[in-house]
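Before any comments, here is the structure.
A note on names: the letters A, B, ... follow the listed sequences, proteins ahead of strands, and every chain is numbered from 1. Fair warning: this is a prediction, and the values are worked out from it, not measured in the lab.
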There are 2 protein chains.
Amino acid sequence: MNKKQFLPWDHPRFRSWVSVARACQMMQSALTRELAPLDLKPPHLDILANLYRHAGLSQQELARKLLVGRSNISMTLPQMERRGLIERRGDSRDKRVLRLFLTAEGEALALRAMQIQTALIDRSLSRTPLEDCSAIGAQMERIIAALQMEDDGGAESG
Amino acid sequence: MNKKQFLPWDHPRFRSWVSVARACQMMQSALTRELAPLDLKPPHLDILANLYRHAGLSQQELARKLLVGRSNISMTLPQMERRGLIERRGDSRDKRVLRLFLTAEGEALALRAMQIQTALIDRSLSRTPLEDCSAIGAQMERIIAALQMEDDGGAESG
DNA sequence: ACTTTATTGTTCAAGGTTGAACATTGTAAG
DNA sequence: CTTACAATGTTCAACCTTGAACAATAAAGT
């Protein structure tokens, strides 16, 4: 008679995480919409923001920070380079790596895009007290660490 | 001299949300990895889980729940139907809509996949107290509501 | 009844993402 | 030095996702 013996929705952590995932997806959609006038998509913004922060990254390092494959970066960057947003210079010591930098135009666009993103986040989280925001951020860092472990070492005991 | 006048990373809500997005992305990657043995990807699981929960949904309703386009559903479902996981029956009252149901095999696979997902979430959130999980879920629901408003009514006052 | 407007599902082209195979360059081992 | 191994970036085929255009059906307006 027990038609549904396994109902994940009864599971508190499961329910909470579903909400998290949903919120993320909607934020992504909203960001895509608001970035459209700049002819940018979230992945482009991620790249611009990271190069704004850490000038001189290699493609590999950038890919790792963004959690995407090298090939992704390798196919996206030439577009942005042609658009005059970034610059790639070969590393003098290691001829394999290309170091990435924003152009002046790229930095200007990065700033505009980041302002749009920050404004969107502010609007969406306006009903969430700062204290709770920080608490959420801290918990998420824990979760990231836990998932990091899985990535690296499958099932390392510790 | 103020080289970086606009640093989003100084912004508490921005920082917190970056962590949220990162955690989501890593969870998605981990889920993709763990679902591979079942020859399923997260979007397939989303479909199975939603039909498990709400049998008889139309494709439109399913698309809305999953926050994807109708075309997406329209191209994914035939694959799953050929695989014997779902069934599509025309609605008798409205000849436009197709009502969706899980087959026995689909339900079995849905259960296995949901158990994998629940286990992954449990593992990743094991260091996050239940109380905090619930608080996070509640805040996320607020954020979802805020983003919902933007979607619907652009800038409705109220 | 007739026309207009909306909704549902399908198709298609465009673009994004991935993982594997590859060439090049650096590093360690013998 | 020579050989084996590892890391970086590129290319390619496969797949996924999207948005627009479309045909069929329903609902609303006249």
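You'll find the side chain of A:R22 stays beyond 4.5 Å of the side chain of A:S19, heavy atoms only. Side-chain atoms of B:L120 and B:M27, non-hydrogen and from C-beta on, do get closer than 4.5 Å to each other. Two residues are said to be in side-chain contact when any heavy atoms from C-beta on lie closer than 4.5 Å; B:R88 and B:P78 meet this criterion.
Spacing between atom CG of A:L98 and atom P of D:dA7 amounts to 18 Å, rounded to whole angstrom units. Rounded to a whole Å, the NZ atom of A:K41 is 10 Å from the P atom of D:dT18. Look at CZ on B:R93: it is 16 Å from C1' on D:dA27, rounded to the nearest Å. Straight-line distance from the NZ atom of A:K95 to the C1' atom of C:dT27: 15 Å, rounded to whole Å.
Taken residue by residue, residues 57-87 of chain B places heavy atoms nearer than 4.0 Å to DNA chain C at B:S58, B:Q59, B:Q60, B:R70, B:S71, B:S74, B:M75.
A close approach under 4.0 Å does not occur between any side-chain nitrogen or oxygen of B:R99 and OP1 or OP2 of C:dG9. Phosphate contact (OP1/OP2 of C:dT18, side-chain N/O of B:R33, threshold under 4.0 Å): absent.
B:R53 forms a cation-pi arrangement with A:W9, by the criterion of a distance under 6.0 Å to the ring centre and an angle within 45° of the ring axis.
At a cut-off of 3.5 angstrom, counting only N and O atoms as typed in the model, there is a donor on one side and an acceptor on the other between the side-chain of A:R96 and the base of D:dA7.
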Worked verdict on A:R83 versus A:L109 for side-chain contact (heavy atoms from CB on, under 4.5 Å): CA-CA 11 Å; A:R83 217 172 133 184; A:L109 191 58; 3.9 Å; yes

Using the rule given for side-chain contact (heavy atoms from CB on, under 4.5 Å), can you reason through B:M26 versus A:M140, listing the C-alpha separation, both sets of side-chain angles and the distance that settles it, and then say yes or no? CA-CA 11 Å; B:M26 295 186 69; A:M140 289 297 156; over 6 Å; no

